[in-house]
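Worksheet: the structure to be examined is printed underneath.
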Amino acid sequence: MKILLTNDDGYDAPGINVLRERLLYDDHTVYVMAPATNQSGTSQSIHMGGGMKVREIDENFYTCAGSPADCVMTGILGGVFERPDILLSGINRGPNLGLDILYSGTCGAARQAVLMGIPSAALSVMWPGDEIVGSEDEDDYYAMADFAAKNLKALAALANVAKDGLMPKEKCVFPNVNGMAQSKPYKGAKFAGVSFREYMEDKVTLKELEPGLFDRTFSGGKVHSAAREYSDYEACVEGYAAVSRLFAEPSAAPTLDGIEFKV
């Protein structure tokens, strides 16, 4: 298969490089278009206009000075690679569960790909204690890399993509896969719902540098996961690869009776 890789941790992060090596081992054609710097939390933002540098690092391996979604657009439309059969985004250093999905550049890249007609999957790992950002140990990413390599066709089948720029009959969908950071294989895979993540004790600090100018620092607190159904979080802590199919398109909530608008 022709596989395009990207992430939001940056091109030199261990997750994407472990994944690349595992896929090359199976003789796939692997392309990389990854952010030049860490782009965690950028969701599906895109850069408008010019001035974005793209740099060749190795054969079929490039960096792009933009967001993960920018990397997807560049990799698919830039003419550097052949059109891929699937895009894999990750492996992210930290989970993308529940509300994390809204902020995640990893998920933003996978979402961008299916909207452009390419099956995709987002891949992330978590550490014991639900650490938001984990280690740089390459062994921690191997179980997820191996799972992805063995299940490329299944992951592609779980996606529903736009075709020739046209709206598909069913809404665009991509699979979001999470698992514990480990080297040994997972117990298996389970379809799971999306948990609700409560970010407790987050802090934003403003330090005045000069009158009217501040330095802003964000520090994350503890995370608590709750669920209305069997969730991605539960599947992960039980030792499974948690697979959730996510809508890539915005969905409208039902209208409410009795609401009147003034004009």
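Nothing fancy with the numbering, it's 1 onward along the sequence. Keep in mind that what you see is a predicted model, and the values were worked out from it rather than measured.
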Item to check | Separation between OG of Ser124 and CG of Asp100, rounded to the nearest 0.5 Å | outcome: 8.5 Å
Checklist entry - Does the pair Phe81 and Tyr62 meet the rule for a ring pair (Phe, Tyr, Trp, His ring centres under 6.0 Å), with working shown? => result CA-CA 10 Å; Phe81 312 128; Tyr62 289 75; 5.6 Å; yes
Checklist entry - Is there side-chain contact between Pro128 and Met180, with at least one heavy-atom pair below 4.5 Å? => result yes
Item to check | Separation between CD1 of Ile76 and CG of Leu87, rounded to the nearest 0.5 Å | outcome: 6.5 Å
Next on the checklist: Tell me whether Arg93 is salt-bridged to Glu136, with the criterion being a basic N under 4.0 Å from an acidic carboxylate O.
Outcome noted: yes
Checklist entry - Can you tell me how far the CE atom of Met116 sits from the CE atom of Met73, to the nearest 0.5 Å? => result 5.5 Å
Item to check | Any donor-acceptor N/O pair, Asp232 side chain to Gly98 backbone, under 3.5 Å | outcome: yes
Item to check | Met33 side chain near Val72 side chain, heavy-atom distance below 4.5 Å | outcome: no
Item to check | Gln182 (side chain) donor-acceptor with Lys184 (main chain) under 3.5 angstrom | outcome: yes
Checklist entry - Between His28 and Met1, is there a donor-acceptor pair closer than 3.5 Å when you use the side chain of the first and the backbone of the second? => result yes
Checklist entry - Do the ring centers of Tyr31 and Phe61 come within less than 6.0 Å of each other? => result no
Checklist entry - Can you check whether Asp70's main-chain N or O pairs, donor with acceptor, with Thr74's side chain at less than 3.5 Å? => result yes
Checklist entry - For the atom pair OG1 (Thr29) and CG (Asn60), what is the distance rounded to the nearest 0.5 Å? => result 7.5 Å
Next on the checklist: So does Thr6 get a backbone contact from the side chain of Tyr11, meaning a donor-acceptor N/O pair under 3.5 Å?
Outcome noted: no
Item to check | Glu238/Tyr230 under side chain to side chain donor-acceptor pair (under 3.5 Å): CA gap, chis, key distance, verdict | outcome: CA-CA 12 Å; Glu238 290 174 1; Tyr230 185 75; 2.7 Å; yes
Checklist entry - Do the side-chain N and O atoms of Arg55 and Thr63 include a donor-acceptor pair separated by under 3.5 angstrom? => result no
Next on the checklist: Would you say Glu249 and Ser251 are linked by a side-chain donor-acceptor pair, where the criterion is simply a distance under 3.5 Å?
Outcome noted: no
Checklist entry - How many angstroms lie between CG in Asp12 and CG in Asn17, if you round to the nearest 0.5 Å? => result 7.5 Å
Checklist entry - Given the rule in the side chain to side chain contact (heavy atoms under 4.5 Å, CB included) test, do Val125 and Tyr141 qualify, once you have shown the distances and angles that lead to the verdict? => result CA-CA 7 Å; Val125 293; Tyr141 299 89; 3.8 Å; yes
Checklist entry - Is there a donor-acceptor pair closer than 3.5 Å between any side-chain N or O of Arg245 and the backbone N or O of Leu158? => result yes
Item to check | Short N-O contact, Lys207 and Asp215, less than 4.0 angstrom | outcome: no
Next on the checklist: Taking atom NZ as the centre, does Lys171 end up with more than 12 heavy-atom neighbours from other residues, nucleotides or ligands that are less than 6.0 angstrom away?
Outcome noted: yes
Checklist entry - Are Val30 and Ile86 in one and the same hydrophobic cluster, where Ile, Leu, Val, Met, Phe, Trp and Tyr link if side-chain heavy atoms are under 4.5 Å apart? => result yes
Item to check | side-chain hydrogen bond (donor to acceptor under 3.5 Å, both in side chains) partner of Asn92, chosen from Thr106, Asn7, Asn178 | outcome: Thr106
Next on the checklist: Run the side chain to side chain contact (heavy atoms under 4.5 Å, CB included) test on Asn176 and Cys107 for me, step by step, so that the C-alpha distance in whole Å, both residues' side-chain angles and the decisive distance to 0.1 Å come before the verdict.
Outcome noted: CA-CA 7 Å; Asn176 182 40; Cys107 292; 3.6 Å; yes
Checklist entry - Mind checking whether Val173 and Leu246 have side chains closer than 4.5 Å, heavy atoms only? => result no
